[in-house]
Amino acid sequence: MKTRTALLLATCVMLIASGCATRSDWEAVSGSKSDGVVTLRYELAASKAYLPDETEAIALAKQRCGYWGFSSAKAFDTQTQHCSDEVCRTYIITKDYQCIN
């Protein structure tokens, strides 16, 4: 009986924790250690009603910059957008981040 209760409790905890997990839409696509620049992107479909969180992008850029010995990252002011299919149902948004100390 104890084992069954413990298993049930562990399952409940896992389900609750997985429900709180967030999925980042940002992904790192390129970068240059010598320039201290990381490039991130996300896809924006016409059916999406939200934009990815910029704080998630900064966190990912900081992580990537940290691999090269930098302590932080700052977004450049511009981003690029292009169609990913023939009728522009989905766009790819790309943004660069400067690694800083």
#### Entry: Q81 side, atom CD; T94 side, atom OG1 - distance, nearest 0.5 Å
9.5 Å

### Query
T78: what forms a side-chain hydrogen bond (donor to acceptor under 3.5 Å, both in side chains) with it, not counting sequence neighbours?
none

In residues 63-75, what donor-acceptor pairs under 3.5 Å come from side-chain atoms, sequence neighbours left out?
{"from": "Q63", "atom 1": "NE2", "to": "Y67", "atom 2": "OH", "distance (Å)": "3.3"}
{"from": "S71", "atom 1": "OG", "to": "I100", "atom 2": "O", "distance (Å)": "3.4"}

### Under the ring pair (Phe, Tyr, Trp, His ring centres under 6.0 Å) test, residues paired with Y91 that sit two or more places apart
none

### Query
Measuring from L60:CG to D25:CG, what's the distance to the nearest 0.5 Å?
11.5 Å

#### Entry: Under 3.5 Å: donor-acceptor pair, side chain of W26, backbone of T55
no

Would you give me the side-chain donor-acceptor pairs under 3.5 Å for residues 31-39, sequence neighbours excluded?
{"from": "S32", "atom 1": "OG", "to": "S34", "atom 2": "OG", "distance (Å)": "3.3"}
{"from": "S32", "atom 1": "OG", "to": "D35", "atom 2": "N", "distance (Å)": "3.2"}
{"from": "S32", "atom 1": "OG", "to": "D35", "atom 2": "OD2", "distance (Å)": "3.3"}
{"from": "T39", "atom 1": "OG1", "to": "S30", "atom 2": "OG", "distance (Å)": "3.3"}
{"from": "T39", "atom 1": "OG1", "to": "D96", "atom 2": "OD1", "distance (Å)": "2.6"}

### Message
Under the rule for salt bridge (Lys or Arg N to Asp or Glu O under 4.0 Å), what residues qualify as partners of K95, not counting sequence neighbours?
### Response
E54

### Query
Would L51 end up clustered with F76 when hydrophobic side chains under 4.5 Å apart are linked, directly or stepwise?
no

### Message
For the OH atom of Y42 and the CD atom of Q79, what is their distance to the nearest 0.5 Å?
### Response
5.0 Å

### S84: side-chain contact (heavy atoms from CB on, under 4.5 Å) partners, not counting sequence neighbours
T90, I92

### Task
With sequence neighbours excluded, tell me which residues meet side-chain hydrogen bond (donor to acceptor under 3.5 Å, both in side chains) with D77.
none

